[in-house]
Structure formats: C-alpha cells, structure tokens
Amino acid sequence: ESRVLEVLDSYKEAKKLDGAKLKIARTFLKRTPMGVIVDEINMLVICPMDTTGGKKDQISADKALKTLKEYNLVREIDDEMSTMTIYIDTPQDNRFSEIVLYNTRPEPSVMLFMGDFTVESLIKVGEASEQERKHLKKNK
C-alpha cells in the first residue's frame, strides 16, 4: 500500500527494520527527535541516496522526489547541521501511517517510518527537533 515502501524495497542498499531489528534500533531512535514517538513506530526503512547518478543500488534523488510528490510536505529544515524535508501520507481522522525524512545533508538518504501516528505526535517530534537543534547550536 505504501508507495515509498514499494520504491525503497527495490534497492539492495535499503535496510528494513521491523520486529527484533526494530527493537534494537529503538535504543538509538530514543536519542533522536523520533524518540518521542518511538512506541508508535512499527517499521523503519533506511535507504542511502545516490546524488551522483552512478549507484544503482541506492535510490536516486530524482526518483525519491518523484515518489514523494504523492505525499504531504510537512516541513523543510536547512541549517548548518543538516538539510532535510519531512513528508507524511494523507491523514484520515487525524491519523496517518507514514513519516518520510528526505535527507540531502550530511548523509543523503530516505528514511521511512511506518506506524500509527497522530498529528499531535508529529507536533511532538517537531518540538523535540527544535529543542535538539537549539541545544546543539548552543554547544558548538
């Protein structure tokens, strides 16, 4: 059902984490802004992105952007630490099942978080991200 999942699954470099693998990854996710909704995540797919056009095992930036046209742009972050665009699938009754992070810097990648999310949970992630960015900026 997920267009992004379909596309990412076609790349050898894509790592799908669910079940026991996701349990291990949750430890690391808790240290990120996504940690505030870690219990709502039931699958994570990470795929490195090829920005040079030469690696067929990684998703190309063009293909990723074309696929994401079907999603809702939530936020763009571009600061000295990273460049990232956040998308979600279309909410129904205040709920949605996909959060996509399209990162171009420092590590080009597409990350798909699947689960049962609410608009409120997305706001919490945004607030945690703001806090982390302020903290990291202050300690530079």
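- In this structure a side-chain-to-backbone donor-acceptor pair under 3.5 Å is present from Arg26 to Val38.
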**Prompt:** Yes or no on side-chain contact (heavy atoms from CB on, under 4.5 Å) for Tyr87 and Leu101, after CA distance, side-chain angles and deciding distance?
**Reply:** CA-CA 7 Å; Tyr87 297 87; Leu101 305 183; over 6 Å; no

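- You'll find the side chain of Val4 stays beyond 4.5 Å of the side chain of Glu6, heavy atoms only.
- For the atom pair CD of Glu70 and OG1 of Thr90, the computed distance is 9.5 Å after rounding to the nearest 0.5 Å.
- Between the CG atom of Asp89 and the CZ atom of Phe96 there is a distance of 7.5 Å, given to the nearest 0.5 Å.
- Here CZ of Phe28 is found 11.0 Å from CG of Leu17. Values are rounded to the nearest 0.5 Å.
- Residue Tyr11 comes nearest to Ser60 through the heavy atom pair OH-N, 4.3 Å, listed as atom of the first residue, atom of the second, then distance.
- Phe117 places none of its side-chain heavy atoms less than 4.5 Å from the side chain of Arg95.
- The backbone N or O of Lys63 sits less than 3.5 Å from a side-chain atom of Thr67, completing a donor-acceptor pair.
- Arg75 places none of its side-chain heavy atoms less than 4.5 Å from the side chain of Thr85.
- With contacts defined as side-chain heavy-atom distances shorter than 4.5 Å, the pair Leu68/Arg3 does not qualify.
- At distances below 3.5 Å, not a single donor-acceptor pair connects side-chain atoms of Asp50 with backbone N or O atoms of Ile59.
- A pairwise comparison of heavy atoms in Glu13 and Gln58 identifies CG-CG, 3.8 Å as the closest pair.
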**Message:** The test is side-chain contact (heavy atoms from CB on, under 4.5 Å); show your working for Leu5 and Glu98 and say whether it passes.
**Reply:** CA-CA 10 Å; Leu5 180 59; Glu98 298 175 66; 5.6 Å; no

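- Between Ser97 atom OG and Met43 atom CE the span is 9.5 Å, to the nearest 0.5 Å.
- The main-chain N or O of Met34 is found under 3.5 Å from a side-chain atom of Thr32 such that the two form a donor-acceptor pair.
- Following chains of ILVMFWY side-chain contacts shorter than 4.5 Å, one can reach Ile37 starting from Leu29, so the two form part of one hydrophobic cluster.
- Within 6.0 Å of atom CD in Glu1, 12 or fewer heavy atoms from other residues, nucleotides or ligands are found, so the atom counts as exposed in its surroundings.
- Residues Ile86 and Ile77 meet the side-chain proximity criterion, which asks for heavy atoms closer than 4.5 Å.
- Not one N or O on the side chain of Asp62 forms a donor-acceptor pair closer than 3.5 Å with the backbone of Leu65.
- Contact annotation: the side chain of Met114 approaches that of Asn42 to within less than 4.5 Å [non-hydrogen atoms, C-beta and beyond].
- Note: Ser2 OG to Leu8 CG = 7.5 Å, rounded to the nearest 0.5 Å.
- No side-chain heavy atom of Asp116 sits under 4.5 Å from any side-chain heavy atom of Glu40.
- Distance CD1/Ile41 to OG/Ser121: 9.5 Å, rounded to 0.5 Å.
- More than 12 heavy-atom neighbours from other residues, nucleotides or ligands sit within 6.0 angstrom of CD on Glu120.
- Residue pairs that meet the side chain to side chain donor-acceptor pair (under 3.5 Å) test with at least one member in residues 102-113, sequence neighbours left out, are Asp78-Arg105, Thr83-Arg105, Asn103-Ser109.
- Leu122 is listed as a side-chain neighbour of Ile99, based on a closest heavy-atom distance under 4.5 Å.
- Electrostatic pairing of Lys124 and Glu127 does not count as a salt bridge here, judged by no charged N lying under 4.0 Å from a carboxylate O.
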